[in-house]
Structures are given as C-alpha cells and as structure tokens.
2 protein chains.
Amino acid sequence: MTEVSIGEAARHSGVKVPTIRYYEQIGLLPALSRTDGNRRLYAASDLRRLGFIRHARELGFDIEAIRTLLTLQDDTSQSCASANAIAKARLTDVDLHIRSLTALKAELARMVEGCRHGRIAECRVIEVLADHGECAEPHH
Amino acid sequence: MTEVSIGEAARHSGVKVPTIRYYEQIGLLPALSRTDGNRRLYAASDLRRLGFIRHARELGFDIEAIRTLLTLQDDTSQSCASANAIAKARLTDVDLHIRSLTALKAELARMVEGCRHGRIAECRVIEVLADHGECAEPHH
DNA sequence: CTTGCTCCTCTAGCGGCTAGAGATAGTAAC
DNA sequence: GTTACTATCTCTAGCCGCTAGAGGAGCAAG
C-alpha cells in the first residue's frame with residue numbers, strides 16, 4: 001500500500017489541499033484512513049477519484065452532478081443513460097452560455113469602438129450603459 | 001416630483017425588489033427619500049441609475065467596476081479613459097471565457113458522441129472523466 | 001532539542017444575490 | 001370603523017464552491 005499524504009495528493013491531482021478536505025467534508029470523497037498522528041492517507045483509488053472530480057469540475061459539472069456521476073461510476077453494470085443525460089445537459093448549458101457571451105462580446109466591442117477618447121460627456125461606453133435602447137440586440 | 005415605490009421601481013427596471021435594497025445597502029444607490037411611513041421613494045434619476053446598473057450587470061461588469069463607472073458618469077467633464085479601460089478589460093475577459101467554453105464544448109461533444117448507450121463499464125462519458133489523458137486538448 | 005515544514009480542526013469570508021421571519025403601512029371593500 | 005389583503009419594512013441566514021486564517025500538533029533533519 002503506497003498511501004500518500006494530502007500534500008502529495010494535492011500535487012498529484014492539482015486540487016488544492018483545503019479543497020480536498022472540503023470534498024471529503026461534503027462527502028465526495030469517502031472517509032479516509034489516517035496515520036497514528038491523524039493525518040489523512042490517500043490510496044491509489046482515492047487519487048483516481050480525485051482526478052475524476054477535478055476533471056469533471058474543469059468541464060463545469062456542478063457538485064451534485066459529480067456526485068451522481070461518481071455513484072454511476074461505482075456501479076459499472078448500470079446503463080449509462082443517466083451519465084449521458086448529465087453530459088448532454090451540460091453541453092446544452094455550455095452552448096447557451098457561449099451564445100449569450102458572444103452577443104455580449106459584440107455589444108462590448110461596439111461600445112469600446114465607439115469611444116472617441118474624449119470627455120465622459122460624449123463617451124459611448126457610459127452612454128450605452130445608461131441607455132439600453134442603444135443596444136443592437138435587446139435580449140440580454 | 002413623481003416618485004415611485006420600490007415595487008414600481010422593480011417593475012420599471014427589471015431588478016427585483018430585494019436586489020434593489022441590496023444595491024442601496026452596498027452603496028450603489030444613494031440613500032433614498034422616504035415616505036412618512038418609511039417606504040422608499042424613487043425619483044426619475046434613481047430609476048436611471050438603476051437602469052444603468054442593471055445594464056452593466058447584464059454585460060457582466062462586477063459591482064466594483066459598476067461603482068467606478070457610476071462615479072465616472074457623475075462627473076461628465078472627466079476623461080473617459082478609465083471607462084474605456086474597464087470596458088476593454090471586460091471585453092478581454094469575455095473573449096477568454098468564450099475561448100475556454102468553446103474548447104469545453106468540443107470536449108463534451110466528443111464525450112457524448114462517443115457514448116454507445118450501453119453499460120457504464122464501456123461508457124465514454126465516465127471513461128473520459130476518469131482519464132484526463134483522453135482529452136484532445138489538455139489545457140483546461 | 002530546536003527549527004521549520006506539513007498537517008490538523010474550526011470558524012468566517014468571498015460575490016451577488018435570494019429566502020424567510022415577523023412587524024408595519026397602505027388601500028379597498030363592506 | 002373594521003376587515004382583509006397586499007406591499008413594504010428590517011433583520012438574519014443561506015446559496016455555491018471554495019479560500020483564508022487562527023491556533024495547535026506531528027514529524028524529519030541538523
């Protein structure tokens with residue numbers, strides 16, 4: 001058993017030490033074995049689980065989704081329909097988010113380009129912010 | 001002076017009542033005049049300020065940026081360089097965000113497409129999450 | 001045996017709201 | 001005048017996903 005300390009686990013997984021403890025606290029990681037001196041010990045399976053969590057977080061899944069994905073992972077005989085549904089939902093979210101940010105970007109770009117670098121009184125940035133009606137697309 | 005209630009202000013601006021109170025509390029809105037019965041009264045200028053805040057929030061500016069933009073708006077003789085810098089910074093942020101979400105989207109799409117709708121044991125979704133090495137682009 | 005690092009637990013804070021309790025004000029109908 | 005109803009008031013606590021800091025204990029090297 002080559003079990004490692006929380007610091008090692010953090011370096012290995014790229015998840016910060018307090019965050020690892022937090023994951024344990026909210027039950028994403030199981031209760032761990034400890035040394036005599038009460039330090040946490042991480043086995044290979046714990047590190048894998050941590051990697052899974054990290055990757056899922058990077059992909060923007062929220063904690064609840066990850067909790068579900070982890071239980072799915074634990075029972076490999078189940079249908080993967082739920083896992084797929086969760087991933088699809090996330091994909092839709094991301095897509096929507098990209099769309100709305102793209103509209104935002106256009107708006108911001110128009111604002112910035114319109115600025116003549118003069119006084120506030122005739123600044124497009126302030127002006128546009130003050131009057132939503134000036135927006136090209138009012139749907140945000 | 002046609003001053004309106006907080007409910008009216010909310011309907012007019014699209015900002016929820018508790019949020020309006022919150023903005024006052026953190027000093028984005030000035031202390032307001034009140035009725036004898038201690039209800040807040042919103043004048044046209046307050047409504048304009050509220051609209052400005054809402055629009056800026058929709059464009060994703062954080063509260064501190066909005067605070068600055070508001071003080072800039074109040075002094076129309078100043079140079080608009082700072083306003084422009086804030087807007088540009090936000091534009092850069094949005095752009096970065098879009099880029100990273102687009103990479104994410106590709107990753108998610110690959111995951112979802114790879115799923116054969118079978119058992120968890122051979123599910124691409126779970127598999128990819130468990131092994132970051134399978135990602136096309138490892139930079140997230 | 002001391003120095004210096006890692007680790008422990010605990011509580012509080014971040015942003016930007018949102019939700020709820022319990023009290024008061026205002027309005028409309030009877 | 002009373003009742004019923006809604007809107008508003010203040011205050012505190014909660015949301016997510018951490019992050020920061022206090023105050024203490026374990027442990028390896030010199």
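A note on names: the letters A, B, ... follow the listed sequences, proteins ahead of strands, and every chain is numbered from 1.
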S.K.: For the pair made of OH in A:Tyr42 and C1' in C:dT6, what is the distance, rounded to whole Å?
M.R.: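 For the pair A:Tyr42 OH and C:dT6 C1', the rounded distance is 13 Å.
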
S.K.: Without decimals, in angstroms, what is the distance between A:Arg67 CZ and D:dG17 C1'?
M.R.: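 So the CZ-C1' distance, A:Arg67 to D:dG17, works out to 12 Å.
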
S.K.: May I ask you to evaluate whether B:Arg11 reaches the phosphate of D:dA7, defined as a side-chain N or O under 4.0 Å from OP1 or OP2?
M.R.: no

S.K.: Any ion pair linking A:Arg21 and A:Glu24 (charged N to carboxylate O, less than 4.0 Å)?
M.R.: no

S.K.: Distance check: side-chain N/O of A:Thr19 vs OP1/OP2 of D:dT19, anything under 4.0 Å?
M.R.: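 For D:dT19, OP1 or OP2 has a side-chain N or O of A:Thr19 closer than 4.0 Å.
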
S.K.: Give the nucleotide from the list C:dC17, D:dT8, C:dT18 with an atom nearest to the side chain of B:Ser5.
M.R.: D:dT8

S.K.: Where do A:Leu59 and B:Leu108 come nearest, in terms of heavy atoms and distance?
M.R.: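 Where A:Leu59 meets B:Leu108 most closely, the heavy atoms are O-CD1, 4.4 Å.
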
S.K.: Taking for each residue the nucleotide of DNA chain D bearing the nearest heavy atom, is the 5' side occupied by A:Asn38 or by A:Lys16?
M.R.: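 With A:Asn38 and A:Lys16 compared, the 5'-side residue is A:Lys16.
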
S.K.: Given D:dT8, is OP1 or OP2 found less than 4.0 Å from the side-chain N or O atoms of B:Arg40?
M.R.: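 For D:dT8, OP1/OP2 do not have a side-chain N/O of B:Arg40 under 4.0 Å.
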
S.K.: Looking at C:dC10, I'd like to know if its phosphate oxygens (OP1 or OP2) sit under 4.0 Å from a side-chain N or O belonging to A:Arg21.
M.R.: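 Indeed not, no polar side-chain atom of A:Arg21 lies that close.
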
S.K.: Return yes if some donor-acceptor pair links the side-chain N/O of A:Arg110 with the main-chain N/O of A:Gly114 below 3.5 Å, else return no.
M.R.: no

S.K.: Starting from the 5' end of DNA chain C, give me the residue, A:Arg39 or A:Gln25, whose nearest nucleotide shows up first.
M.R.: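 By nearest-heavy-atom nucleotide position, the 5'-most residue is A:Arg39.
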
S.K.: Any side-chain N or O of B:Tyr23 under 4.0 Å from OP1/OP2 of C:dC17?
M.R.: yes

S.K.: B:Glu24 has an atom CD; how far is it from atom P of C:dC17, in whole Å?
M.R.: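 Value for this atom pair: 15 Å.
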
S.K.: How long is the line joining CD1 of B:Ile20 and P of D:dA7, in whole Å?
M.R.: 14 Å

S.K.: Can you tell me the distance, in whole Å, between the CG atom of A:Leu32 and the P atom of C:dC8?
M.R.: 10 Å

S.K.: For the pair made of OH in B:Tyr22 and C1' in C:dA19, what is the distance, rounded to whole Å?
M.R.: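 Result: 15 Å.
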
S.K.: Using a 4.5 Å cut-off on heavy atoms from C-beta on, say whether the side chain of A:Gln73 contacts that of B:Cys123.
M.R.: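 Not in contact.
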
S.K.: Taking the nucleotide of DNA chain C with the closest heavy atom to each, which residue, B:Asp36 or A:Leu41, is nearer the 5' end?
M.R.: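 Result: A:Leu41.
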
S.K.: Which whole-number value in Å describes the distance from A:Ile6 CD1 to D:dG26 C1'?
M.R.: 15 Å

S.K.: Of the candidate nucleotides D:dC9, C:dC8, D:dG17, which contains the atom at the shortest distance from the side chain of B:Arg34?
M.R.: D:dC9

S.K.: What is the distance, to the nearest angstrom, from the CZ atom on B:Phe61 to the C1' atom on C:dG16?
M.R.: 17 Å

S.K.: Run A:Leu41 and A:Leu32 through side chain to side chain contact (heavy atoms under 4.5 Å, CB included) and show every step you take.
M.R.: CA-CA 6 Å; A:Leu41 285 177; A:Leu32 293 139; over 6 Å; no

S.K.: Tell me what A:Ile63 touches on the nucleic acid: a base, only sugar-phosphate, or nothing, going by heavy atoms under 4.0 Å.
M.R.: sugar-phosphate

